[in-house]
There are 2 protein chains.
Amino acid sequence: MGKKIEKIRCDCTVIHEDIVNKVKILMPEEDSLLDLAELFKLFGDPTRIKILWALSESEMCVCDLAFLLNMTQSAISHQLRLLKQSRLVKNRKEGKVVFYSLDDEHVKRIFDQGMIHVKEKLM
Amino acid sequence: MGKKIEKIRCDCTVIHEDIVNKVKILMPEEDSLLDLAELFKLFGDPTRIKILWALSESEMCVCDLAFLLNMTQSAISHQLRLLKQSRLVKNRKEGKVVFYSLDDEHVKRIFDQGMIHVKEKLM
DNA sequence: TATACATATGAATGAGTACTCAAGTGTTCA
DNA sequence: TGAACACTTGAGTACTCATTCATATGTATA
């Protein structure tokens, strides 16, 4: 006979009911958390984090970034597109050159906060 | 004849040489940036960001998290393994139950800094 | 107008990864 | 001791995505 009944809820969550319920109520909206994950995902790529860091120092054109990071213009351009879509960077055109810069003063703050963590965990 | 010569360096980087060089010199070590990207990548997943947020409110067991996020224990356990490897979370055993908690006070700060950004960009 | 330059973009590919499933370990308790 | 429980783990799969390649767009310049 069908012995294996799928557990809907384990015993722990009943024992810890107060805590789990409290956390459940405090939990941010699903959408906020998805947006947040999306944001951090953008920071979570070596190329993009380098681009963001570089732009935090100075506005630069696609060409400069490609040279600085030793990558193709195409690769850089694709990443800049993502960063622009999420409004982490903005651009201005000057003739045939497109200069990119950070669109947000928070970018550097998020970057710095992460770096503090990384440096500490080294020890 | 071979007309197409691969451009090593575009004209822009020569024109902008001072800026590019300055940024190049200031650039953090490759390893630091890779570690940083790795850190943010951990934050850049819906499941993991929810886990981190939940643990910032209270220590919880695997079972509680699975119930809270409506996911399988296995999925949660796999993610906790990654978070533990990177020392973002730690655990303690109490009988057969394993309680997880944040291993670092920076986690919440990084989370909050990101949330500020997300909330602002909504407008 | 033709050419070079700066950038953008679409398709293809290869690498990485989140989850599922099945099986395992370790603990408690009847 | 054995059954239930909490959790872990390895393999497999479906999916995402960063880069490359080829091509397209737009601008300046000779």
Side-chain angles (χ1 to χ4, degrees), chain A residues 3-16 20 34 37-38 40-51 59-86 89-100, chain B residues 3-16 20 34 37-38 40-51 59-86 89-100:
Chain A
K3 294 279 188 53
K4 294 275 182 182
I5 296 168
E6 257 314 306
K7 252 323 193 32
I8 301 290
R9 184 174 179 178
C10 66
D11 299 346
C12 277
T13 64
V14 178
I15 299 167
H16 308 144
V20 175
L34 293 184
E38 208 62 41
F40 284 126
K41 197 186 286 178
L42 286 168
F43 282 78
D45 174 81
T47 301
R48 287 192 296 263
I49 199 102
K50 287 175 193 170
I51 290 175
E59 83 170 358
M60 299 178 90
C61 69
V62 182
C63 196
D64 292 337
L65 286 167
F67 174 69
L68 183 68
L69 306 189
N70 195 33
M71 295 182 65
T72 65
Q73 276 189 18
S74 179
I76 299 293
S77 187
H78 276 298
Q79 296 302 341
L80 284 170
R81 185 165 161 271
L82 293 179
L83 293 172
K84 201 192 169 197
Q85 278 174 351
S86 303
V89 307
K90 61 184 185 233
N91 59 14
R92 71 183 176 83
K93 239 177 147 177
E94 196 170 285
K96 58 187 170 183
V97 181
V98 181
F99 288 96
Y100 281 84
Chain B
K3 293 278 187 55
K4 295 276 183 183
I5 296 169
E6 258 313 307
K7 247 337 190 21
I8 302 289
R9 183 174 178 177
C10 68
D11 299 347
C12 276
T13 63
V14 178
I15 299 167
H16 308 145
V20 175
L34 293 184
E38 207 62 41
F40 284 127
K41 196 186 286 177
L42 286 168
F43 281 79
D45 174 80
T47 301
R48 286 192 295 264
I49 199 103
K50 287 176 193 170
I51 291 175
E59 81 168 0
M60 297 179 92
C61 68
V62 182
C63 196
D64 292 337
L65 286 166
F67 173 68
L68 183 68
L69 307 189
N70 196 31
M71 297 181 64
T72 65
Q73 274 189 20
S74 179
I76 299 292
S77 187
H78 276 299
Q79 296 303 340
L80 284 170
R81 188 166 158 271
L82 293 178
L83 293 172
K84 201 191 168 196
Q85 277 173 352
S86 302
V89 307
K90 61 183 184 232
N91 58 14
R92 71 181 175 83
K93 238 176 151 179
E94 195 170 287
K96 58 187 170 183
V97 181
V98 181
F99 288 96
Y100 281 84

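Below, read A as the first sequence line, B as the second, and so on, with proteins coming before strands; counting in each chain starts at 1. All values reported here derive from a predicted model rather than from experimental measurement.
Distance check, rounded to the nearest 0.5 Å: CD1 of B:Ile76 to CZ of B:Arg81 gives 15.0 Å. How far CD of A:Glu59 is from CD of A:Glu94: 7.5 Å, rounded to the nearest 0.5 Å. Between the CG atom in B:Asp45 and the NZ atom in A:Lys41 there is a gap of 7.0 Å [rounded to 0.5 Å]. To the nearest 0.5 Å, atoms CG (A:Leu82) and CG (A:Leu42) are separated by 6.5 Å.
Rounded to a whole Å, the CG atom of B:Leu34 is 15 Å from the C1' atom of C:dG16. Distance CE (B:Met71) to P (D:dC7): 15 Å, rounded to an integer number of Å. Here D:dC7 presents its P atom at 16 Å from CD of B:Gln79, a figure rounded to the nearest Å. Separating the CD1 atom of B:Ile76 from the P atom of D:dT9 is a distance of 15 Å, rounded to the nearest angstrom. In this structure, the CZ atom of A:Phe67 is 18 Å from the C1' atom of C:dT7, given to the nearest Å. Counting to the nearest Å, the C1' atom of C:dC5 and the NE2 atom of B:His16 are 13 Å from each other. One can place CG of B:Leu80 at 7 Å from P of D:dT8, the figure rounded to the nearest angstrom. Between the CG atom of A:Asp45 and the C1' atom of C:dG16 there is a distance of 12 Å, rounded to whole Å.
Checking D:dT20, C:dA6, D:dT8 against the side-chain heavy atoms of A:His78 singles out D:dT20 as nearest. Here the side chain of A:Thr47 is nearest to one of C:dA6, C:dT9, D:dA18, namely D:dA18. With D:dT19, C:dT17, D:dT8 as the candidates, the nucleotide lying closest to the side chain of B:Lys41 is C:dT17.
With pairs defined as Watson-Crick or G-U wobble and both atom distances under 3.5 Å, the stems of at least three pairs that touch DNA chain C come out as C:1-30 with D:1-30.
Take the nearest nucleotide of DNA chain D for A:Arg48 and for B:Asn91: the residue whose nucleotide is more 5' is B:Asn91.
Side-chain atoms of A:Ser74 and base atoms of D:dC21 include a donor and an acceptor less than 3.5 Å apart.
Residues A:Ile49 and B:Ala37 approach most closely at CG2-CB, 4.2 Å, considering heavy atoms.
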Contact state string [nucleotides 24-30 of chain C, B base, S sugar-phosphate only, - no protein heavy atom under 4.0 Å]: --SSS--
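With sequence neighbours excluded, the residues satisfying ring pair (Phe, Tyr, Trp, His ring centres under 6.0 Å) with B:Phe40 are A:Phe40, A:Phe43.
You'll find the ring centres of B:Phe67 and A:His16 outside the 6.0 Å limit.
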